[in-house]
Amino acid sequence: MTEEAAVSGTADPADLARRLQVLEDKEALRALMIRGWRALDRKDWATWSACWAEDAVLDFGPWGSTRGREEIRAKVAEAESAYPSMQHHILNAHFDVAGDRATGIAYMWFVAVTEPGRTSAPYSMGGPYDWEFRRDEEAGWLLVRQRLGVWWTDGEDTRSAFAQD
C-alpha cells in the first residue's frame with residue numbers, strides 16, 4: 001500500500017489482489033499438508049503420494065535421499081504400514097510464497113502404536129520439516145522436496161521402521 005493510500009484510507013486494487021493471492025496460496029499449502037499427513041495416519045498411500053511432484057525428493061535423516069513420487073511412497077509405506085495406528089502432527093508451520101514456488105518450515109511430531117493393544121507405550125519422534133513446493137497447472141500445489149530431521153525420540157521403535165539404511 002502506498003503512503004498516499006494509507007493516509008486516504010484507500011488501497012490499490014492490484015496490491016489487494018496480490019496480497020489476497022498470497023493468503024489463498026498459503027491456505028492451499030496448509031490444506032495440502034493437512035490432507036496429505038492425515039492420509040498418512042489412515043495409510044491412504046494414494047492420497048498422500050498425490051501431494052508430491054513426480055520428481056520430488058525426500059531427505060530423511062536416517063534414510064538419506066529418496067527420489068521420485070513412487071519411490072517415496074514405497075519407502076514410507078514399507079516403513080509405516082506395520083504400525084497398528086499412528087499420528088503425524090505438523091506444528092508451527094510457516095509458508096513463504098513467491099509466484100509458482102513456495103517454501104515452508106514446521107516441526108514434526110510423530111506418534112505410533114508399535115504393537116496392537118500397547119497404546120500406553122507409543123514410539124514418538126520429532127524434528128524439523130523444511131519444504132519446497134511448486135504450483136502445477138492441473139494439480140495445484142505439490143511438494144517438490146522435503147527435508148526432515150530427527151532431533152529426538154521417545155519409546156521403543158519395536159518395528160525398526162526408522163533405522164538407518
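Counting begins at 1 with the first residue of the sequence. Because the structure is predicted, anything quoted here is derived from the model rather than measured.
- We find the OG-CE distance between Ser124 and Met108 to be 9.5 Å, quoted to the nearest 0.5 Å.
- Looking only at distances, a side-chain donor or acceptor of Asp41 sits under 3.5 Å from a matching main-chain atom of His88.
- Contacts of Arg42 classified as salt bridge (charged side-chain N to carboxylate O under 4.0 Å, His left out), with partners at least two apart in sequence or in another chain: Asp44.
- In terms of heavy atoms, Val113 sits closest to Pro84 at O-CD, 2.8 Å.
- Note that the CE atom of Met33 and the CH2 atom of Trp131 stand 4.0 Å from one another [nearest 0.5 Å].
- Summarising the geometry of Lys43 relative to Ser81, their closest heavy-atom pair is NZ-O, 3.1 Å, with the distance given to 0.1 Å.
- Note: the hydrophobic cluster containing Tyr129 also contains Leu32 (ILVMFWY, side chain heavy atoms under 4.5 Å, direct or indirect links).
- Under the 4.5 Å side-chain criterion, counting only non-hydrogen atoms from C-beta, Phe162 is not in contact with Thr153.
- Applying the salt bridge (charged side-chain N to carboxylate O under 4.0 Å, His left out) test to Asp136 and every residue at least two apart in sequence or in another chain returns nothing.
- Within the structure, salt bridge (charged side-chain N to carboxylate O under 4.0 Å, His left out) contacts touching residues 77-97 (residues at least two apart or in different chains) do not occur.
- Expressed to the nearest 0.5 Å, how far CZ of Arg38 lies from CD of Gln87 amounts to 9.0 Å.
- Note that OG1 of Thr66 and CD of Gln146 are 10.5 Å apart. Values are rounded to the nearest 0.5 Å.
- Of all heavy-atom pairs spanning Ala106 and Ala93, the tightest one is CB-CA, 3.7 Å.
- Residues Val150 and Phe60 meet the side-chain proximity criterion, which asks for heavy atoms closer than 4.5 Å.
- Listed here is the closest heavy atom pair of Gly36 and Cys51: CA-SG, 3.6 Å.
- Every salt bridge (charged side-chain N to carboxylate O under 4.0 Å, His left out) that Glu27 has, sequence neighbours left out, goes to Arg30.
- Residues Met125 and Leu148 share a single hydrophobic cluster, defined by chaining ILVMFWY side chains whose heavy atoms lie under 4.5 Å apart.
- Residues Ala50 and Leu142 share a closest heavy-atom pair of O-CD2, 3.3 Å.
- To the nearest 0.5 angstrom, Ile34 atom CD1 is 11.5 Å from Leu29 atom CG.
- Residue pairs satisfying the salt bridge (charged side-chain N to carboxylate O under 4.0 Å, His left out) criterion with at least one member in residues 151-161, sequence neighbours excluded, are listed as follows: Glu115-Arg159.
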Exercise. Report the C-alpha separation of Trp45 and Val76 in whole Å, then their side-chain angles, then the decisive distance to 0.1 Å, and conclude whether the side chain to side chain contact (heavy atoms under 4.5 Å, CB included) test is met.
Key: CA-CA 9 Å; Trp45 311 117; Val76 171; 4.1 Å; yes

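- Remark: Asp100 engages Arg135 in a side chain to side chain donor-acceptor pair (under 3.5 Å) (not counting sequence neighbours).
- A salt bridge links Asp15 to Arg18: at least one charged side-chain nitrogen sits closer than 4.0 Å to a carboxylate oxygen.
- Scanning all heavy atoms of the two residues, the minimum distance from Asp25 to Trp141 falls at OD1-NE1, 3.5 Å.
- Tyr123 is not listed as a side-chain neighbour of Thr158, based on a closest heavy-atom distance of 4.5 Å or more.
- Under the rule for a side chain to side chain donor-acceptor pair (under 3.5 Å), Glu71 has no partner lying at least two apart in sequence or in another chain.
- Listed by chain and residue number, nothing satisfies the salt bridge (charged side-chain N to carboxylate O under 4.0 Å, His left out) test with Arg101 (two or more places apart in sequence, or in another chain).
- Take Glu132 and apply the side chain to side chain donor-acceptor pair (under 3.5 Å) test, not counting sequence neighbours, and it matches Arg147.
- Using cut-offs of 30° and 60° for the angle between ring planes, the Trp52 and Trp37 rings count as parallel.
- Glu54 is linked by a side chain to side chain donor-acceptor pair (under 3.5 Å) to Arg69, counting only residues two or more places apart in sequence or in another chain.
- The hydrophobic cluster containing Trp151, built from Ile/Leu/Val/Met/Phe/Trp/Tyr side-chain heavy atoms closer than 4.5 Å, also comprises Leu91, Tyr107, Trp109, Val111, Trp152.
- Distance CG/Leu58 to CZ/Arg67: 10.5 Å, rounded to 0.5 Å.
- The ring-ring contact (aromatic ring centres under 6.0 Å, His included) check on Tyr83 picks up Phe110, with sequence neighbours excluded.
- Between Ile72 and Trp48 the shortest side-chain heavy-atom distance falls below 4.5 Å.
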